[in-house]
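First comes the structure, then the notes that go with it.
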Amino acid sequence: MSEQGRTDEAATYDMSAAQEKWRRVWDDLDPFRAGSAAPGAEKRYALTMFPYPSGDLHMGHAEVMALHDVIARYWWQRGYDVLNPIGWDSFGLPAENAAIRNDEHPATYTYANIETQAESFRRYGISFDWSRRLHTSDPEYYRWTQWLFLKFRERGLAYRKNSPVNWCPNDQTVLANEQVVQGMCERCGAEVTKRELNQWYFKVTEYAQRLLDDMDALVGTWPDRVLAMQRNWIGRSEGAHVDFDIELASGETRTVTVFTTRPDTLYGATFMVVAADAKLAAEVVAPAQADALAAYVEEVRKASDIDRLATDRPKSGVDLGVTATNPVTGEQMPVWASDYVLADYGTGAIMAVPAHDQRDLDFAKVFGLPVRRVVDTGEDNPEETYVATTGDGTYVNSGPLDGLADKAAGISRIIEQLEADGRGTGTVNFRLRDWLLSRQRFWGAPIPVVHCPDCGEVPVPEDQLPVRLPDDLKGADLKPKGVSPLAAAEAWVNTECPSCGGQALRDSDTMDTFVDSSWYYLRYLDPSYDQGPFDPEQAREWMPVAQYVGGVEHAILHLLYSRFFTKVLHDMGMVDFVEPFSALLNQGQVINQGKAMSKSLGNGVNLGEMIDTYGVDAVRLTMVFAGPPEDDIDWADLSPGGSVKFLQRAWRLAGDVTSPAGTAPEGGDVALRKATHKTVHEVEQLIEAHRFNVVVARTMELVNVTRKAIDSGCGPADPAVREAVETVAVLLSLVAPYTAEEMWERLGHQPTVARVGWPSVDPALLVEDTVTAVVQIQGKVKARLEVAPDISEADLEHLAMADPAVVRAIDGRPVRKVVVRAPKLVNVVV
RNA sequence: GCCCCCGUGUCCCAACUGGCAGAGGAAGCCGCCUUAAAAGCGGCGAGGUGCGGGUUCGAGUCCCGCCGGGGGCACCA
């Protein structure tokens with residue numbers, strides 16, 4: 001790129017040559033090895049969500065890594081000992097599907113892509129410690145995933161149960177609730193159906209309250225919206241279980257418990273509704289209504305989840321032909337079945353209070369069921385309007401509660417009464433369900449359990465881990481068949497029972513890949529550790545992660561699971577903290593022309609081409625400068641060419657410095673020195689606040705004033721110029737490592753600029769000689785005064801009132817009030 | 001339907017606990033340099049902060065109500 005015959009001002013450096021050159025130097029110096037900081041340095045763990053190895057890196061990776069690296073490199077410069085590892089989340093469906101397509105083993109695709117991405121990361125110049133590299137599909141890794149599964153099982157936190165589960169007919173596997181989005185498979189978009197299967201679960205629900213409570217410690221360092229999403233997902237609600245006796249057709253009595261958040265409206269419960277697809281409905285239905293129920297359930301099954309999600313569709317249901325007794329009024333209430341009650345939330349049955357719940361009221365209206373108001377809110381009576389009232393009010397028609405106007409008191413009184421009568425109890429209910437972890441796919445960690453006809457479910461002994469995946473399956477062997485491809489691998493699935501030695505079968509399901517990623521941050525501490533999943537000593541030194549950076553798409557799944565794992569490990573005594581990630585930053589997405597990049601829109605931007613055209617540094621700088629890190633950035637709005645120009649301008653400064661390396665800055669041009677020190681000081685605060693775009697803007701300003709100083713100010717030989725240019729190089733080392741290194745070399749220094757240390761700020765140089773004070777009349781600026789920064793309020797007021805422009809503006813009117821904020825402002829009110 | 005975030009020059013974006021609306025960049029225009037162009041250097045313009053109220057000496061910033069955009073949840077009893 002550099003050519004002969006150009007003037008000095010127009011000189012540029014060759015970006016691609018610099019990339020080749022410095023990459024080798026860095027490989028040699030290995031400057032980002034954790035543990036290489038000065039002895040006693042504070043340790044900081046910088047983590048970025050590890051990539052999935054599909055294809056090469058894309059613009060999204062480029063953005064998140066560029067932002068993340070600002071933090072990691074800043075910490076190194078500040079003298080911290082930094083752990084910034086990289087690895088791959090390398091199990092998963094895309095590799096398996098590629099293997100079926102290409103008639104090969106999934107490992108082929110996986111490890112080839114990993115090499116491609118690793119090469120791209122190196123070229124991209126991220127400050128990773130490559131010695132910590134891991135892949136979750138390595139047997140050395142999944143050995144410990146399996147080990148953790150067994151430990152969870154020992155603690156009763158991994159268990160099997162029969163249950164209707166989410167089934168993706170396209171991927172031919174079950175899905176966790178978290179992986180079903182709007183009734184669709186979050187991976188392939190197919191409509192999810194239900195199947196009754198025996199599957200493995202992690203008992204996340206046991207940790208629901210702690211997952212909620214411990215979020216208090218994350219407020220302020222995690223994005224509010226992520227905390228809100230997790231809270232919402234956990235879905236805690238306080239209420240009561242209330243028992244209703246149902247008079248069955250056989251004459252027997254069956255007690256049915258409902259969950260309600262409004263036990264205080266029990267006097268207004270006029271009917272009961274059970275989930276149509278729950279066993280309960282079939283168990284209590286009167287014989288005369290059994291056919292009607294069966295027909296209704298069939299109808300509901302046919303209606304897809306998509307239809308169910310439409311909240312405005314009319315209520316439907318069927319009368320079960322039995323009645324339940326209201327425990328406080330003694331009234332007989334009809335029992336209905338409907339699909340608006342969910343089988344797997346609460347108890348799958350509700351007491352309907354149509355006057356104060358719109359859904360119940362809609363149902364009552366369709367079927368002509370009674371409505372009775374028990375809370376008078378002052379609004380129109382819902383019995384007439386068919387608009388349910390849900391606010392606070394005075395209890396009516398509610399026996400002992402009548403006249404009371406306090407909802408909290410109403411709730412606790414009813415609960416007391418129910419508890420005294422043995423008809424109910426106060427309780428807390430969560431929306432969170434247990435985590436379904438079995439997958440009927442091949443490319444995952446096998447579940448380390450053997451099923452023996454005599455001994456039943458037998459865990460694989462620890463010394464036999466890992467249970468390795470067979471390496472002789474490929475192509476059509478891996479086609480989804482509704483059961484795991486492993487079930488058909490006879491040589492693999494047939495085994496000895498570890499307990500009795502008899503013929504037995506391995507569990508042929510594999511674990512959800514989210515199990516792998518729930519603990520990888522601990523494995524990074526020492527990926528070759530063979531005494532356990534991670535080195536507890538290293539965990540004490542480095543954990544928890546000081547800054548985690550990644551996409552908001554993991555707001556619930558990965559982050560919730562990792563938090564759960566950490567709490568379990570804490571309870572096992574393996575770690576001494578309860579939250580894995582102290583701070584979280586969600587970067588925005590890179591979009592193009594207002595829309596997410598996609599093949600169908602044809603608006604994709606190829607990272608490799610961008611790097612070839614503009615160079616790594618310009619692409620990184622463009623990403624960081626684009627805007628606040630958590631905002632989406634539209635590539636069409638940006639100017640990578642402008643970034644190139646800026647980097648060349650900055651680089652050119654280094655060539656203009658004529659003072660020798662090592663020149664002390666003292667005695668240099670004071671104005672330039674002040675600009676330099678002020679920039680460093682501001683950048684420190686901006687980085688702490690993650691305002692990286694402004695960091696770049698401040699660096700540009702410093703480049704601009706340095707250019708002026710060289711051309712028309714103190715001149716290139718002034719020591720302040722060297723100080724300014726060296727500062728620019730250090731600032732750029734966070735964002736544009738190649739340019740920074742080129743500058744550093746040109747300035748007569750040895751590599752690497754990435755570890756030279758952060759410039760120290762001289763507080764004396766942060767003090768301004770004079771400050772511009774603004775004098776306002778009625779809030780409008782009328783005069784400006786140059787004053788000392790430490791001027792007293794009285795002096796400033798005096799100066800302001802004496803200013804001719806101010807006197808003119810006041811024009812003899814009486815001054816009602818003078819507001820003085822020394823040294824910046826005086827406001828005169830007349 | 002409920003909850004959250006965001007609306008600042010042509011565009012992307014700055015503006016500390018309320019205190020001179022403009023830092024940086026892009027695009028544009030004008031000079032300098034050049035035989036010329038590119039590159040480089042220097043300079044210029046423009047909005048009163050989506051709309052309407054309110055609080056305040058003073059509001060882009062705080063409060064209320066709208067409009068527009070984005071996101072999350074969604075029959076969760």
Distance check needed: [N] [atom2] versus [X] [atom1], whole Å only.
X       : N       : atom1 : atom2 : result
I710(A) : rG42(B) : CD1   : P     : 11 Å
L361(A) : rG1(B)  : CG    : C1'   : 16 Å
N827(A) : rG18(B) : CG    : C1'   : 13 Å
K595(A) : rG69(B) : NZ    : C1'   : 14 Å
Q358(A) : rC75(B) : CD    : P     : 15 Å
Q589(A) : rG72(B) : CD    : P     : 10 Å
I350(A) : rC75(B) : CD1   : C1'   : 9 Å
L731(A) : rG24(B) : CG    : P     : 16 Å

K824(A) and L796(A), any side-chain heavy atoms less than 4.5 Å apart:
no
Does V830(A) reach the side chain of R816(A), with side-chain heavy atoms less than 4.5 Å apart?
no
Any chance the side chains of [X] and [Y] put a donor and an acceptor closer than 3.5 Å?
X       : Y       : answer
T772(A) : E786(A) : yes
N586(A) : R225(A) : no
H356(A) : T390(A) : no
D617(A) : T739(A) : yes

Can you tell which of [options] lies closest to the side chain of [X]?
X       : options                   : result
M229(A) : rC73(B), rC16(B), rG72(B) : rG72(B)
R707(A) : rC41(B), rG40(B), rA14(B) : rC41(B)
D339(A) : rC57(B), rG40(B), rC75(B) : rC75(B)
R698(A) : rC73(B), rA14(B), rA77(B) : rA14(B)
K817(A) : rC57(B), rG24(B), rA77(B) : rC57(B)
S237(A) : rC75(B), rG40(B), rA77(B) : rA77(B)
F259(A) : rA23(B), rA77(B), rC57(B) : rA77(B)

Hey, is the side chain of [X] poking within less than 4.0 Å of OP1 or OP2 on [N], counting only N and O atoms?
X       : N       : result
R225(A) : rC73(B) : no
Y340(A) : rA77(B) : no
R431(A) : rC73(B) : no
S338(A) : rC75(B) : no

Between P334(A) and T270(A) the two heavy atoms that sit nearest each other are CD-O, 3.6 Å
Within the sub-3.5 Å range, which N or O atoms of nucleotides 9-13 of chain B have a protein N or O partner, and how far apart are they?
unit_1	atom_1	unit_2	atom_2	d
rC12(B)	O2'	A626(A)	O	3.2
rC13(B)	O3'	N693(A)	ND2	3.4

Can you check the distance between [N] and [M], where both ends of the measurement are the [atom1] atom (answer in whole Å)?
N       : M       : atom1 : value
rG60(B) : rG54(B) : P     : 15 Å
rA59(B) : rA39(B) : C1'   : 46 Å
rG1(B)  : rC12(B) : P     : 30 Å
rC3(B)  : rC16(B) : C1'   : 30 Å

Mind checking if V774(A) touches a base, just sugar-phosphate, or nothing, with heavy atoms under 4.0 Å?
base
Name the nucleic acid region contacted by N704(A), choosing base, sugar-phosphate or nothing; use a 4.0 angstrom heavy-atom cut-off, strictly under.
sugar-phosphate
Under the criterion side-chain hydrogen bond (donor to acceptor under 3.5 Å, both in side chains), I'd like the reasoning laid out for D243(A) against T257(A): C-alpha separation, chi angles, the key distance, then a yes or no.
CA-CA 4 Å; D243(A) 295 337; T257(A) 305; 2.7 Å; yes
Does the pair D264(A)/R262(A) count as a salt bridge with the N-to-O cut at 4.0 Å?
yes
Using a cut-off of under 3.5 Å, enumerate the N/O to N/O pairs linking the protein to nucleotides 43-49 of chain B.
none

Suppose we call two aromatic rings close when their centres sit under 6.0 Å apart. Are W336(A) and F367(A) close by that rule?
yes
Would R652(A) and D656(A) count as a salt bridge (Lys or Arg N to Asp or Glu O under 4.0 Å) if you check the C-alpha gap in whole Å, the side-chain angles of each, and the deciding distance to 0.1 Å?
CA-CA 7 Å; R652(A) 223 172 284 124; D656(A) 288 349; over 6 Å; no
